[in-house]
Structure formats: C-alpha cells, structure tokens
Amino acid sequence: MRLITGDECGLLKECIPELSRKKKDPNSPVLPFNSMPDVTKEGVRRVDPTEIQTRERGVIDMVWMQNSDDKEYSFAALRKNGSIDIWNAEADDKKYFGRFSLERTTKNVFYDDSPRPLGLGFFNQQNRICAGDMLGNLVVLDCKSTKSLDILQTYNAYTANKREDTISYTPGKMVNTQIATAIAFDSAHGRVAVGGRERETSLIDLGTGKLVFKSKNLPPDPQTLLQQPVWPTAIEFLNEDCNVMAVGTAYKQVRLYDVRENSKTRRPTATTSEGLLEYRVTSLCQVDGHEVVVGDTAGYIYSLDLRRMGKNLKDPANRDMGRYVGPAGSVRQLKKHPTLPRLAAVGLDRMLRIYDTKKRKQLDCIYLKQRLNCVLFHPDDTWDVDKDDFDPDDVDIDQDDEVRDYVDSDEDQSVSLNSEASDESSKQDNVQVANDELELISGDGEEGEDDSSAGSGSGEEKSSAKNDSEDEANTEPDNEDDRSETENSESEETEENNDEDEEEDEVIVVKAPKRRRRG
C-alpha cells in the first residue's frame, strides 16, 4: 500500500505502512482489541529531497492523474503560491519506494499577486486539470502538451449566468477574502461544486461555464421566521454516478442534495439533526453505499449512516454513530482506498493514520513532523497477510484448542443420560459387594452371640434358683473364653478381608462394629 502526503511547508512524502511496522515478538503478551498502534517514523521518504521548506509553497491539494499500470503513475500538486507541479513515478517493487521525477510545472495560474488556492481536480475524459481559489475563480488547463500546461478557459462560479463580471461580496463587517470555502469536482459529468460563507453551493459545467444547479436553503424557522445560516465547508459527490451531493457546513450540519439533471427540488433531501455534531465539519469521505465519514475541527471522525438522516432539523438526534479514535487535531482530509477497506486521515496533529473501515480500528500511525493538508491513496491492493502482518487479537499464541465434533442437542442429552446410568450401576455394584461382606461378618458374629446368650441363660436360671453360687462363678470364665474365641475369629476374618482389598481396589470393606454382651 502506497500513500503520498502534502504538508504546509511544501514537502511531498511517500509512505509505505508495511515498511513502518515493527516485527512482533510471538512471546509478547496479547494486546487488547482497543489498543492503539505504536507511532513510527519509518517507511517515509521525500518525493523531492532537494525541496526547501517554505510556507509560500505549501501543498494545498493533490490529485491522481493517468496511471498506465501499477509500476508507473503520476499525480499533480497545487501549491499555495498558485503553481501546479506534475510528478511521474516508477516503482519496481510494490513494497519499496518509487523513483520520482518532475515532469511539468507552472507558475501562478490565478493571475493574482496573493492567490488563495482552494482545490484541484482532474478530468480523465477531457484530459484536463481544474484549479479553484477562494474567490470562486476556476482555471481549466490542458494536459495534452508534454512541455507545459496551457490555460484553456477561466470561469467564476459567482458571475456565471450574469451580465456583469463583478462579484457581489458578502455584506457586513466580514472580511471578503474567503468567499468560497469548499470545492469538489465531478469527473463523471465534468462539473465543479463551489460553496462559501452565506453562499449556497453552485454547480458549474466546465464545458460551457454555465450554472447548472444551485442549492436552496431550508425553510425558515416556524417560530422565529429566521433563515437558517449557510456556510459550506466540505463538499463530496456520492456514489459512482455522482448524482447525490453531500455538503458539510460550519454550523455542524451535513446535508444531502439531489443534483441530477431532471431533479425537481433544490432543497436538501436529508439533513442531520441539531446537536448530532458538535464542531465544524472540515472533511467528508464516502466509505460505502450508505456510510459517510465526517471529520471536524476538534479531531473527531464519525461514521454517519445516510439511511438514518431525516428532513427536519428539529428531529431528535440519533446518537448511534461510530467513531474512529485517534486524531488529536483538526482533520484536514479523509481518503478511502479505491478497492480495500482502508481509510487514511491527516490533519494538524502531524500524523498519518490508517483505519480499517469494517472494524473502525486504527492499523498504522506514522509521524511526519509537519502539519498535513492532503493525502493520496494509491489504487494498488498491496495488503497481503504474511508473518509480519498477523494480528495477535485474531490468533491465539501458545494455546492449542481442542477441536470437538458437533453434537446435536438430542444426541448430547442421550450421551449424558447414558453416562449417568453407568455411574449409578457402578455405585450399585460397589454397594452390593459391601453388603455381602457385611453379611459374612454378621453371620460369624451371630454364632458367637448364640453361644454367649446360651451361657448367659444358664447363668440366669442358676441365679434365679439361688441354690448354687459356685456354678455361677464357673460359668463366668466359660463365657470369657467364648468371647475371646469370637474376637479372635473376627480379627482373622478382618485380616483376610484386608488382603483381598489390596488385591481388588474396587471392593469397599466396611468393618462391622463389635457387639457387647448384654447382662
């Protein structure tokens, strides 16, 4: 991916973000999704190393010209002193800097001692360049000549379709040096849109120099009967056919106009509500068919959905807007890549920022030392994903995830029931084994109890008769002998059971409690 930037000191720089990225360590911790990229100074080279920094030759605007292929391309730059430079470049490798050469240059094209250039456009079908200034002058130059740029015609947007050539200045104490503050070029139909302070947007046909469309303001406020203030500061033609025009104003509004030839209305077809935007609009850029990116003087970049715009300023403001985070100064220009979902933003914070339009995530940030005015996106699609460009948020490092087959909910339920049934059966087997051992142990204990109970019964009969005390004394040692025999038998059986438990771990042995003699 290749970009060219122009700053207020007159320097043109070529930037390649792939060369500015640092190689990421696979052992480094994974950064959160909303983390900002590192600011770098690499991947930048001057187009003209011999250019001297001066504000008199500051770059105001740039535009791509005819590109023969991906290796050869050319662009034109409009400078503050009114001169236009045309540069040619050759790039053998897409990920390396190109070789630039100055093909043609002109002096001041506005014939004014103190020109105030506003914008530059290229019309491919006619092979012409059009430059405009802040007084509404439009200069058309022919690019067919290989030696110089010949001026073909000069128009004025505010004297078109009028008999007089004088411009009606804005009344009041305002300084009339910036009558036109916004300009845009429709290369498909050969039209130029110009708007300024207290002046509605006008469309001029470059072939004839006539006014083909002039916007009309919104109706007055029904309560105060005051007109809505007008001050276009950014203009953008939407869609490929350029039949819809978006206008951003200094009064924090974005308006949409239908500029087709058979259009029946000149009023805005849609506008943003009051309070939606907080600062003056400075730049507009269309991202897709229904989304426009808006930049303002405070450094905010918003994503505006055209489908949610209404027709009344008093409608409740819809705050569901996306935002591109990063810029710290006024945004001067926004440019979208022709084929890739990438957005470039430059401004007074001296940073070139590149965003992903699908995620609104900042991908690269390059520090360029001077305050930037304009940027160009080369139409090549060099943005391949390789080892150096992997995103740690999308890939897990040093973690092997288990991949399991998909299981239907019914199958999953049957599997869980089968596992529960097997667990219950194993528990029942263990309980059955324990009960069998208890029966064995309790059987031997009952035999000893019977003998002891028989001896105790004979002793009771003799004690009740109270005839022979010596027989009772003789029976006691017999009972003691029986008790000792039962204890020995129980100890032998428990030792045998312990041996069996060591051989078979699944068998659970429960030791029977010793029974005490009654009486």
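Taking the charged nitrogens against the carboxylate oxygens, Arg371 and Glu8 do have a contact shorter than 4.0 Å, which makes a salt bridge. Ion pairing between Glu14 and Arg2 holds under the 4.0 Å rule for side-chain N and carboxylate O. Under the 4.0 Å criterion applied to side-chain N and carboxylate O atoms, Arg99 and Glu90 are assigned as salt-bridge partners.
Using a 4.5 Å heavy-atom threshold, the side chains of Ile301 and Pro327 count as touching. At a threshold of 4.5 Å between non-hydrogen side-chain atoms, the residues Arg21 and Thr40 do not count as touching. In this structure, Leu138 and Ile183 have side chains that are in contact, with non-hydrogen atoms separated by less than 4.5 Å. Residues Trp64 and Phe122 are not in side-chain contact: their nearest non-hydrogen atoms beyond the backbone lie 4.5 Å or more apart. With contacts defined as side-chain heavy-atom distances shorter than 4.5 Å, the pair Met65/Phe75 does not qualify. Residues Cys374 and Val346 are not in side-chain contact: their nearest non-hydrogen atoms beyond the backbone lie 4.5 Å or more apart. At a threshold of 4.5 Å between non-hydrogen side-chain atoms, the residues Ile235 and Tyr257 do not count as touching. Looking at Tyr300 and Leu277, their side chains never come closer than 4.5 Å, going by heavy atoms from C-beta outward.
With values rounded to the nearest 0.5 angstrom, Asp61 atom CG is found 8.0 Å from Leu376 atom CG. To the nearest 0.5 Å, the span separating CZ on Phe110 from CG on Leu118 amounts to 8.5 Å. Taken from CE in Met134 to CD1 in Ile179, the straight-line distance is 11.5 Å, to the nearest 0.5 Å. Distance check: Leu372 CG to Arg353 CZ gives 10.5 Å after rounding to the nearest 0.5 Å. Rounding to the nearest 0.5 Å places CZ of Arg267 at 12.5 Å from NZ of Lys311. Rounded to the nearest 0.5 Å, atoms CG (Leu135) and CG (Asn156) are 7.5 Å apart.
Residue Gly6 comes nearest to Leu12 through the heavy atom pair CA-CD2, 4.1 Å, listed as atom of the first residue, atom of the second, then distance. Nearest approach of Ile84 to Ala76, heavy atoms of both residues: CG2-CB, 4.5 Å. Contact detail for Gln362 and Gly326: the closest heavy-atom pair is OE1-CA, 3.8 Å. The two atoms that bring Ala246 and Leu284 nearest to each other are O-CD1, 3.7 Å, heavy atoms only. Looking at every heavy atom in both residues, Gly299 comes nearest to Val331 through CA-CG2, 3.9 Å. The nearest pair of heavy atoms linking Leu152 to Arg128 is CD1-NE, 3.4 Å.
Residues that satisfy the side-chain hydrogen bond (donor to acceptor under 3.5 Å, both in side chains) test with Trp87, not counting sequence neighbours, are absent from this structure. Remark: Ser187 pairs with Phe123 by the side chain to side chain contact (heavy atoms under 4.5 Å, CB included) rule, at least two apart or across chains. The salt bridge (Lys or Arg N to Asp or Glu O under 4.0 Å) search around Glu236 returns none, not counting sequence neighbours. For Asp241, the side chain to side chain contact (heavy atoms under 4.5 Å, CB included) partners are Asn239, Asn243, not counting sequence neighbours. Under the side chain to side chain contact (heavy atoms under 4.5 Å, CB included) criterion, Gln370 pairs with Asp7, Cys9, Leu11, Lys13, Gln53, not counting sequence neighbours. Evaluation of the salt bridge (Lys or Arg N to Asp or Glu O under 4.0 Å) rule for Arg307 yields Asp305 as partners, not counting sequence neighbours. Looking at residues two or more places apart in sequence or on another chain, you find no side-chain hydrogen bond (donor to acceptor under 3.5 Å, both in side chains) involving Asn108. A search for side-chain hydrogen bond (donor to acceptor under 3.5 Å, both in side chains) contacts involving Arg360 returns nothing, not counting sequence neighbours. Evaluation of the side-chain hydrogen bond (donor to acceptor under 3.5 Å, both in side chains) rule for Glu51 yields Arg57 as partners, not counting sequence neighbours.
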**OP:** Could you check Val293 against Lys336 for side chain to side chain contact (heavy atoms under 4.5 Å, CB included), going step by step and ending with a plain yes or no?
**Re:** CA-CA 10 Å; Val293 179; Lys336 168 72 169 54; over 6 Å; no

**OP:** For side chain to side chain contact (heavy atoms under 4.5 Å, CB included), just list the numbers for Thr272 and Met309, CA-CA rounded to whole Å, side-chain angles, deciding distance to a tenth of an Å, and then say yes or no.
**Re:** CA-CA 6 Å; Thr272 55; Met309 296 177 61; 3.9 Å; yes

Subject >> Evaluation steps, side chain to side chain contact (heavy atoms under 4.5 Å, CB included), between Met1 and Ile354 >> reply: CA-CA 11 Å; Met1 190 173 56; Ile354 301 172; 3.7 Å; yes

**OP:** Evaluate the criterion side chain to side chain contact (heavy atoms under 4.5 Å, CB included) for residue pair Leu203 and Asp186; output intermediate values, then yes/no.
**Re:** CA-CA 10 Å; Leu203 260 69; Asp186 177 14; 6.0 Å; no

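The salt bridge (Lys or Arg N to Asp or Glu O under 4.0 Å) pairs that include a residue from residues 287-300 number zero, where partners must be two or more places apart or lie in different chains. The ring pair (Phe, Tyr, Trp, His ring centres under 6.0 Å) pairs that include a residue from residues 346-369 are Tyr324-Tyr355, where partners are two or more places apart or lie in different chains. Sequence neighbours left out, the pairs with a member in residues 247-259 that pass salt bridge (Lys or Arg N to Asp or Glu O under 4.0 Å) are Asp258-Arg260.
Without hydrogens or angle criteria, Ser215 side chain to Glu200 main chain gives no donor-acceptor distance under 3.5 Å. Remark: the backbone N or O of Val281 is paired with a side-chain donor or acceptor of Thr233 at under 3.5 angstrom. When atom types are taken as modelled, the side chain of Thr297 and the backbone of Tyr279 share no donor-acceptor pair closer than 3.5 angstrom. A donor-acceptor distance shorter than 3.5 angstrom exists from the side chain of His337 to the backbone of His378, with no hydrogens or angles considered. At least one donor-acceptor pair under 3.5 Å links the side chain of Asn373 to the backbone N or O of Val59. Of the possible polar contacts, none joining the Thr201 side chain to the Gly195 backbone as a donor-acceptor pair under 3.5 Å is found. Between the side chain of Arg45 and the backbone N or O of Phe97, no donor-acceptor pair lies under 3.5 Å. Listed for the Asp150 side chain is no donor-acceptor partner under 3.5 Å among the backbone atoms of Lys144. Between the side chain of Glu42 and the backbone N or O of Leu19 there is no donor-acceptor pair closer than 3.5 Å.
Cation-pi geometry between Arg342 and Phe377 is not met at under 6.0 angstrom from the ring centre and within 45 degrees of the axis.
Within a 6.0 Å radius of NZ in Lys80, no more than 12 heavy atoms belonging to other residues, nucleotides or ligands are found.
Between the side chains of Ser283 and Gln333, no donor-acceptor pair of N or O atoms lies under 3.5 Å. For the residue pair Glu103/Asn88, the side-chain donor-acceptor check at 3.5 Å is satisfied.
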